[in-house]
**Q** 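My questions will all concern the structure given below.
Lettering of chains follows the sequences in order, A, B, ..., and the numbering in each one begins at 1.
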Amino acid sequence: MSLVLPGELVPAQHVNLKLGPGLLQSSSPSGESSTITTRAGELNHSPNGARWWIESNARRYVPAPQESVIGVVIARSGENWRVDIGAAHMANLDGLAFEGATKRNRPNLKVGSLLYARVSLAHKDMEPELECFDAQTRKAEGFGELKGGFVAHCSLKMCRLLLDPKHFLLSILGSRFPLETATGLNGRVWVNSKEAKHIIAVSRCIEAVDPDGRGMGEAELKKFLGTLDV
Amino acid sequence: MSSKALRPDGREAAVLREMSIVYERLDRVDGSAKFGFGETKALASVSGPIEVRPTLELPSQAALDIHIRPLASISGTDSKALSANLKGILSPALLLSHHPRTLVQIVGQALCGTDSGSGMGSVGRGWSASLIASLVNASSAALINTGSVPMRGIVCAVAVGRKASESGGTELLLDPSEAELPRLLGGGCFAFFFSAVLSSAPASDTPPCSLLWTNYTTNTPFDEAELERARDLAEAGVREVWKALKESVGTMDASQANIAPKAKKDLEAMEEGINAEDADESDDAKMEI
């Protein structure tokens with residue numbers, strides 16, 4: 001584990017090498033391949049040296065397949081919806097990519113509706129595509145329209161932390177009051193609770209723990225939560 | 001060159017001023033950084049890859065849009081020329097083909113100014129070589145902070161000044177300060193590209209680097225050997241800049257120790273202002289519901 005800058009050589013050599021975010025393999029004219037870093041951050045690898053990746057923070061989302069995101073419906077174009085997921089391009093959502101949707105029975109989404117969806121296609125030359133169901137089982141699996149609640153914005157590292165079951169934030173908040181969250185990997189977290197003050201507290205705690213914001217630790221957060229009257 | 005005569009601030013000829021790199025975490029941009037050689041500071045912010053206007057859109061790569069602003073007033077011809085140069089300097093370092101039909105926007109702001117006036121090549125007026133070097137390094141640091149724009153390597157820059165020595169010849173000075181500028185007979189900014197793609201040979205403690213751009217100009221004619229000496233002096237300097245940038249990677253997160261004292265102060269200020277802010281945010285929450 002070490003900190004790297006872009007353009008550094010990575011000693012990644014393995015017969016079954018898998019490179020994660022921030023790494024690029026290039027081959028020299030002599031046929032030798034080398035791996036360089038393409039972003040700054042912490043270089044990590046699996047114990048056997050087969051998987052390498054860079055852990056870093058960012059604010060701008062770049063879509064990748066199979067990631068769950070939170071988006072806002074911007075417009076309707078024929079059968080499809082155009083959804084803003086915070087990336088450079090609008091994403092396309094097929095009107096039939098919902099559980100139990102048929103030509104006759106389509107979900108009733110309006111401009112401004114909030115969606116929890118999965119990126120089904122992400123290619124640099126094409127617009128990203130979303131789906132709100134599992135293509136194999138055709139079940140919703142929790143995806144679909146999000147009703148009520150509030151969307152908090154955070155850095156991309158913060159949403160990865162929220163998805164980590166061992167992270168302290170959601171378990172501390174969950175022990176104080178009941179809440180619902182949906183975490184998108186595009187830096188948006190949907191929060192819902194019975195009382196408005198609980199929703200506010202959750203979004204303020206996410207801002208406080210965010211490494212791009214104030215980066216509070218567990219003890220500091222508990223103290224902060226004490227000042228919030230929840 | 002070998003003279004040990006100290007400069008106004010007590011440095012030797014081949015010593016940089018103290019560098020400062022601060023990740024500002026500006027709101028509404030994807031990355032930002034402030035870089036300074038002593039008092040010569042510049043601020044840069046980066047947004048990208050973002051949605052692009054159809055007029056700027058490129059089908060096979062991301063468009064790079066750079067705006068440079070001087071300390072005072074709006075950007076004039078010299079700033080426009082500098083942003084065109086900066087685009088040429090930064091383009092080789094960015095993997096723009098990874099995000100076609102998008103925009104990467106960089107905004108640079110000078111945080112110090114020398115005498116008024118303009119002219120890119122002239123040292124000491126308007127955009128001095130040291131200020132250009134600060135701006136290049138601030139842009140690189142902001143790109144590192146952004147994280148969403150893939151890079152092949154990074155660009156670091158330093159300035160070299162040329163001064164008449166007491167023995168009658170000329171003397172080269174690394175990173176001339178504001179006080180030294182009026183006495184210089186020329187000089188320029190040297191931008192180097194650091195990347196492992198330049199050669200496969202295992203480097204020492206920094207990756208291989210090559211000269212990307214310079215605006216070295218002098219009042220009197222200079223020969224190839226002098227430019228070579230200036231280049232070597234600059235190369236030793238930029239290696240220090242690269243090391244400083246690498247050390248700064250650890251300070252990007254708020255959880256790091258060096259930002260903690262400031263954060264604590266913020267916390268106290270926040271606690272005082274909490275009631276007012278809470279009222280503000282509950283309005284937003286109600287609107288969302």
Side-chain angles (χ1 to χ4, degrees), chain A residues 3-10 21-22 24 26 28 30 32 34-42 54 56-62 87-90 114 124-125 127 148-151 156-157 192 196-197 199-201 203-204 208-217 220 223-224 227-229, chain B residues 25 29-31 47-52 62 93 95 97-103 143-154 193-198 200 202-203 207 242 245-247 249-250 252-256 259-260 263 266-267 270-271 274 277-278 281-282 284-286 288-289:
Chain A
L3 294 174
V4 290
L5 278 180
E8 286 192 64
L9 204 61
V10 176
L24 184 73
S26 58
S28 61
S30 60
E32 280 175 60
S34 59
T35 308
I36 61 158
T37 56
T38 63
R39 66 168 79 161
E42 205 176 80
I54 290 178
S56 65
N57 201 357
R59 289 188 190 173
R60 177 68 49 186
Y61 179 64
V62 176
H89 300 285
M90 294 286 159
L114 206 60
K124 60 174 185 157
D125 294 312
E127 283 184 344
F150 177 74
V151 174
L156 301 191
K157 195 175 195 173
N192 199 7
K197 67 172 183 179
I199 299 179
I200 296 164
S203 63
R204 288 183 63 92
V209 176
D210 195 333
D212 189 41
R214 289 160 63 193
M216 281 188 184
E220 225 177 330
K223 205 174 137 201
F224 175 67
T227 67
L228 282 184
D229 182 36
Chain B
R25 289 188 276 141
V29 290
D30 295 333
S47 282
I50 54 175
E51 200 176 348
V52 60
L95 291 160
S97 60
H98 283 211
H99 296 293
R101 296 187 303 123
T102 62
L103 174 69
L143 281 163
I144 290 168
N145 185 226
T146 306
S148 47
V149 183
M151 296 164 85
R152 196 180 277 124
I154 59 169
F193 178 46
F194 280 86
S195 175
V197 295
L198 292 172
S200 53
W242 189 88
L245 276 174
K246 176 150 180 162
E247 259 172 45
V249 172
M252 274 197 288
D253 274 1
S255 45
Q256 299 302 315
I259 315 205
D266 281 354
L267 184 66
M270 286 274 291
E271 272 164 10
I274 257 169
E277 271 179 56
D278 260 357
E281 218 167 306
S282 64
D284 285 351
K286 269 177 205 152
E288 202 73 25
I289 294 161

**Q** When rounded to the nearest 0.5 angstrom, what is the spacing between OG1 in B:T146 and CG in A:N57?
**A** 11.0 Å
**Q** Sequence neighbours excluded, which residues qualify as side chain to side chain contact (heavy atoms under 4.5 Å, CB included) partners of A:T38?
**A** A:L24, B:L95, B:P150
**Q** Could you tell me which residues satisfy side chain to side chain contact (heavy atoms under 4.5 Å, CB included) with A:S56, sequence neighbours excluded, listed by chain and number?
**A**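 Testing A:S56 for side chain to side chain contact (heavy atoms under 4.5 Å, CB included), a comparison that skips the adjacent residues, returns A:R39, A:I54.
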**Q** Determine the option with the most heavy-atom pairs under 4.5 angstrom with chain A, choosing from B:V52, B:L143, B:I144.
**A** B:I144
**Q** Rounded to the nearest 0.5 Å, what separates atom CG in B:N145 from atom CG in A:D212?
**A** 7.5 Å
**Q** Could you grab the distance from atom CG of A:D125 to atom CZ of B:R101, nearest 0.5 Å is fine?
**A**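 These two atoms lie 7.0 Å from each other.
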**Q** Measure across A:A58 and B:S148 and return the closest heavy-atom pair with its distance rounded to 0.1 Å.
**A** CB-N, 4.3 Å
**Q** Please flag which part of B:V149 lies under 4.5 Å from any non-hydrogen atom of chain A: side chain, backbone, both or neither.
**A**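 Contact with chain A is through the backbone of B:V149 alone.
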**Q** What part of A:K157 lies closer than 4.5 angstrom to a heavy atom of chain B: side chain, backbone, both or neither?
**A**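 For A:K157, the contact with chain B is made by the side chain alone.
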**Q** Could you pull out the closest heavy-atom pair between B:P100 and A:K124, with the gap in Å?
**A** CG-O, 3.6 Å
**Q** For the backbone of B:S47 and the side chain of A:R60, can you confirm whether one donor and one acceptor N or O come within less than 3.5 Å of each other?
**A** no
**Q** What part of B:L103 lies closer than 4.5 angstrom to a heavy atom of chain A: side chain, backbone, both or neither?
**A**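 B:L103 has no heavy atom closer than 4.5 Å to chain A.
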**Q** If I compare all heavy atoms of B:P207 with all of A:G7, which pair ends up nearest, and what's the gap?
**A** CB-O, 4.3 Å
**Q** Identify the two heavy atoms, one from B:T102 and one from A:H89, that lie closest to each other, and give their separation to 0.1 Å.
**A** CG2-NE2, 3.6 Å
**Q** Considering only heavy atoms and a distance below 4.5 Å, find which of B:S97, B:G153, B:A93, B:G31 pairs most often with chain A.
**A**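 Top count of heavy-atom pairs under 4.5 Å with chain A: B:G153.
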**Q** Assess the residue pair A:E42 and B:V249 against the criterion (side-chain contact (heavy atoms from CB on, under 4.5 Å)); give the C-alpha distance rounded to whole Å, side-chain angles, the decisive distance to 0.1 Å, and a yes or no.
**A** CA-CA 9 Å; A:E42 205 176 80; B:V249 172; over 6 Å; no
**Q** Spell out, as yes or no, whether a donor-acceptor pair under 3.5 Å connects the side chain of A:R59 to the backbone of B:V29.
**A**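 Looks like yes, one N/O pair under 3.5 Å.
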